[in-house]
Amino acid sequence: MNDERSVAEDVAAEKGPHAHEGPPMTELERIRHSCAHVLATAILRLWPEAQFAAGPPVENGFYYDVELPHRISPEDFEKIEAEMKKETKANHVFERVELSRGDALEMAKRGELGALGARSSPSKFKLDIIQNIPEDETITLYRNGDFTDLCAGPHVMRTGNIGAFRLTNVASAYYKGDEKNPQLQRIYGTAFKNKTQLDEYFAMLEEAKKRDHRKLGKELELFTFDDDVGPGLPMWLPRGAAIIEELEKLAKETEFAAGYQRVRTPHIARENLYLTSGHLPYYADSMFPPMELKYDATEEHKAAELEGIISEKLKAVAAFEAIFSKLGMEEARRDHFEKFERLQQNKSELEILNKRREDLLSRSRYYLKAMNCPHHHKLFAAVPRSYRDLPLRLAEYGTNYRYEQSGELFGLMRVRSLQMNDAHIYCTEEQFEDEFNAVNQMYLKYFKIFGIEKYVMRFSTHDPAELGQKFVDNSELWLKTEEMVRGVLQRSGINYVEVPNEAAFYGPKIDVQVWSAIGREFTIATNQVDFAVPARFGLVYKTRANTEATPLCIHRAPLGTHERFIGFLIEHYAGNFPLWLAPEQVRILPIGDEAPLLEYARAIQNELRAHEVRAELDASSDHIKAKISSAEQMKVHTMLVLGNRDMEANAVSVREHGKGNLGARPRNEFIAGVLAAIKQRRG
RNA sequence: GCCGAAGUAGCUCAGCUGGUAGAGCAGCUGAUUCGUAAUCAGCAGGUCACGGGUUCGAGUCCCGUCUUCGGCUCCA
């Protein structure tokens, strides 16, 4: 994890598994990619019939996809690694060979690619890959010892340059990620320059396991899932909810100071709303299916009435068409002009009626909201807006529901109900830069508070070739807003990287990646520029010149969702939350349970709670050591060990989780200190 | 959604090739009055994820469903 690459390189490198394009590989990637070849070599020694597909370096190592009747399991790793060791010991040169397309195809047909020599069956995946290499590109092979593979490289000089490696796991993957293609076994491994770095990496994984938010969430009683409630629907226990409260407090303070206004909107809306926004049918798969209201008699009656009229019209249209079809359209128009006109009229009326009927029915379908923007757009529209109202910043901790595919669910990181630190900023083009910059500054402020030292903003832009398909067809606005975003990012010294062709449908976006204290990456938040949907909603404001204009909209959620953000924080802090965030900030542990001492303890608890400090009292009959132990296990931030000595001196003996016994302090001094630390959001 | 693996008490886990369920912690009750990470004893706790099948007999074998995990795909 300690390689010298910049974050930008990291991010760029992860883009292209196929080395045909993109930037040259870093040294570590060359090592890993070379190791994939060594892995293939080893597998072939054990199972000569193996068919290899692709074996690129990836974020934390490499993999090679292989088709093989034998199902490789972790028990096989030892013998595969032993074969790999032989290959690295032999220190073969990675030899690069250029050859013609014809020669490459011949070799693949003889089964010599991704192989130790000619075989009875062709190297089918390699054959396919060659056929997909553009005509103007050079085809190259790489050889190490007996092993020959189709590969664009680059590699390290010799197999011995692969310092240290280990296989990690095996999973299945479809060839080219398409489920219509054959299913392959994907063998994962990792490699480093030396053994020390390899060991560090595995130590980090161990540490990540200890900090796993699912494990700590259970142990610390932060949240829970229940089968009867449903998959991907976390419920927050009081200790977890306490963290949520603090995050909301932080966001509300920050946003208030930045001129945001808080709003509240329902969790559901009629289908019409999502037809207007354009989410339906495009995004329908990611939404919970609609609730249908059956009991709206008026609307059902209206729909039925329309149904009657529509069927009449249909009959009329059919009758005319039957006549005309015999005559042919041109003749019909000439000779029966009047009837023809009536047909056209009936057709267009039918269209309107059908639309009205569909509209009526859609009014009885309600969807759980998957995002807050449509509701917020309606709030914008609820009041006549003038340029004087802009920028208008509407903020809400809205709860969204997204029907994530079952295989996507993962602890708190990928859920179906999520509370977003959401806001929509409506502004003019002139205001955009300042607004966007202010949002970025808010991110930096949060990074500081949470001790996030490494981050990158992935700035996703559009591909002009896909205008009108993947992206809203408005070239001018794309270029203009992208230029504005780029300008803000550059001028504010934000660490960012540009990712082409990954923008949202309606505008450029920024995904915010942060790294936890142990160096694992999380995408926690997103900022999106939207120059399309406000227009769909017909949002306008009066300009100074008394004309109407459509505002730009910035979607932003610096703290992302509670679910993912707290998941991140759990790992980041290893469950040892700073005082202001700690679910239980203070626990009072009286030595013994004699009445005067308990009374003293209770008085302190009450005083703390009067100042909104989450203070608890352990009045159990446990011995003091046991009380300390259980408080430590729950990672209570501060423990007050109270005995007669403390009571007599009006003092408290302070113990902090992770720091141990800090000795006695005057009661008032301690309380003032706690309040100040919480207010300043210090540790 | 697809492929693979797993699911035993609130938690962590044991239960061999089928013979009818067990520990530690947590909980409850009582004793213990202890100055910085676990005092002692007793009690209670399970439709072995759910549903079906094979068998004299299923936690154990087979099938289906659900959930979780590892991947793939997805994340406008």
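None of these values were measured; they are calculated from a predicted model. Computation of the quantities below employed the complete heavy-atom set of this structure, encompassing side-chain atoms and omitting hydrogens, waters and symmetry-equivalent molecules. Proteins get letters first, then strands, A, B, ... in listed order; numbering begins at 1 in each.
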Nearest-angstrom distance from the residue atom [atom1] of [X] to [atom2] of [N]:
{"X": "A:Met639", "N": "B:rA37", "atom1": "CE", "atom2": "P", "answer": "10 Å"}
{"X": "A:Met287", "N": "B:rC75", "atom1": "CE", "atom2": "P", "answer": "16 Å"}
{"X": "A:Asp511", "N": "B:rC75", "atom1": "CG", "atom2": "C1'", "answer": "10 Å"}
{"X": "A:Lys625", "N": "B:rG35", "atom1": "NZ", "atom2": "P", "answer": "9 Å"}
{"X": "A:Asp65", "N": "B:rC3", "atom1": "CG", "atom2": "P", "answer": "17 Å"}
{"X": "A:Arg665", "N": "B:rG35", "atom1": "CZ", "atom2": "C1'", "answer": "18 Å"}
{"X": "A:Ile628", "N": "B:rU39", "atom1": "CD1", "atom2": "C1'", "answer": "14 Å"}
{"X": "A:Asn372", "N": "B:rA76", "atom1": "CG", "atom2": "P", "answer": "16 Å"}

Next item on the list: Looking only at side-chain atoms of A:Ala504, point me to the closest of B:rU36, B:rA76, B:rU39.
Entry: B:rA76

Check: Nearest to the side chain of A:Ala626, which nucleotide is it out of B:rU39, B:rU36, B:rA76?
Finding: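 Per side-chain heavy atoms of A:Ala626, the pick is B:rU39.
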
Which residues share a ring-ring contact (aromatic ring centres under 6.0 Å, His included) with [X], sequence neighbours left out:
{"X": "A:Tyr426", "value": "A:His377, A:Phe380"}
{"X": "A:Tyr188", "value": "A:Tyr63"}
{"X": "A:Phe432", "value": "A:Phe436"}
{"X": "A:Phe471", "value": "A:Trp478"}

[N] to [M] separation - [atom1] atoms, rounded to the nearest Å:
{"N": "B:rC25", "M": "B:rU39", "atom1": "P", "result": "11 Å"}
{"N": "B:rC11", "M": "B:rU17", "atom1": "P", "result": "26 Å"}
{"N": "B:rC61", "M": "B:rU68", "atom1": "P", "result": "24 Å"}
{"N": "B:rA23", "M": "B:rA44", "atom1": "P", "result": "12 Å"}
{"N": "B:rA37", "M": "B:rU32", "atom1": "P", "result": "24 Å"}
{"N": "B:rC16", "M": "B:rU60", "atom1": "P", "result": "11 Å"}
{"N": "B:rU73", "M": "B:rA14", "atom1": "C1'", "result": "38 Å"}
{"N": "B:rU36", "M": "B:rG45", "atom1": "C1'", "result": "33 Å"}

Notebook entry, point to check: Residues in salt bridge (Lys or Arg N to Asp or Glu O under 4.0 Å) with A:Asp65, at least two apart?
Noted result: A:Arg186

We want to know whether [X] and [Y] form a side-chain donor-acceptor pair, criterion being a heavy-atom distance below 3.5 angstrom.
{"X": "A:Glu632", "Y": "A:Ser630", "result": "no"}
{"X": "A:Asn527", "Y": "A:His555", "result": "no"}
{"X": "A:Ser516", "Y": "A:Glu571", "result": "yes"}

Over all strands shown, is [X] touching base, sugar-phosphate only, or nothing at heavy-atom distances under 4.0 angstrom?
{"X": "A:Ser653", "result": "base"}
{"X": "A:Ser630", "result": "nothing"}
{"X": "A:Asp285", "result": "nothing"}

Check: Closest nucleotide of RNA chain B for A:Lys627 versus for A:Gly658: which of these residues is on the 5' side?
Finding: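 Its nearest nucleotide lies further toward 5', so the answer is A:Lys627.
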
Note to self: Quick check on RNA chain B: between A:Ile624 and A:Met371, whose nearest nucleotide comes earlier from the 5' end?
What the structure shows: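 The residue whose closest nucleotide sits nearer the 5' end is A:Ile624.
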
Does the base of [N] carry an N or O that pairs as donor and acceptor with the side chain of [X] under 3.5 Å?
{"X": "A:Arg402", "N": "B:rA76", "answer": "no"}
{"X": "A:Gln633", "N": "B:rA37", "answer": "no"}
{"X": "A:Asp646", "N": "B:rG35", "answer": "yes"}

Item checked: Partners meeting side chain to side chain donor-acceptor pair (under 3.5 Å) with A:His279 (sequence neighbours left out) -> A:Ser277

Check: With sequence neighbours excluded, what pairs up with A:Ser286 under the side chain to side chain donor-acceptor pair (under 3.5 Å) test?
Finding: none

Notebook entry, point to check: To the nearest 0.5 Å, how far apart are CD in A:Glu563 and CZ in A:Arg416?
Noted result: 14.0 Å

Next item on the list: Give, for atom NE2 of A:His267 and atom NE2 of A:His375, the distance between the pair rounded to the nearest 0.5 Å.
Entry: 9.0 Å

Notebook entry, point to check: Is there any salt bridge (charged side-chain N to carboxylate O under 4.0 Å, His left out) pair reaching into residues 639-649 of chain A, and which pairs are they, with sequence neighbours excluded?
Noted result: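 Pairs touching residues 639-649 of chain A that pass the test: none.
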
Check: Which salt bridge (charged side-chain N to carboxylate O under 4.0 Å, His left out) pairs, counting each pair once, include a residue from residues 550-561 of chain A, with sequence neighbours left out?
Finding: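 Every salt bridge (charged side-chain N to carboxylate O under 4.0 Å, His left out) pair that includes a residue of residues 550-561 of chain A, provided the two are not neighbours, is A:Glu255-A:Arg556.
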
Next item on the list: Check whether any side-chain nitrogen or oxygen of A:Arg414 sits under 4.0 Å from OP1 or OP2 of B:rC74, and answer yes or no.
Entry: no

Next item on the list: Determine which bases of RNA chain B form Watson-Crick or G-U wobble pairs with both distances under 3.5 Å, and write the result as a 5' to 3' dot-bracket string with | for other-strand partners.
Entry: (((((((..((((.....[..)))).(((((.......))))).....(((((..]....))))))))))))....

Margin query: Quick check, does A:His623 stack with B:rU33? I mean ring centres under 5.5 Å and planes off by under 30°.
Written below: no

Margin query: Generate the contact string for nucleotides 64-71 of chain B. Rules: B means base contact, S means sugar-phosphate contact only, - means no protein heavy atom under 4.0 Å.
Written below: --SSSSSB

Could you write out each protein N or O paired with an N or O of nucleotides 11-13 of chain B at a distance under 3.5 Å?
none

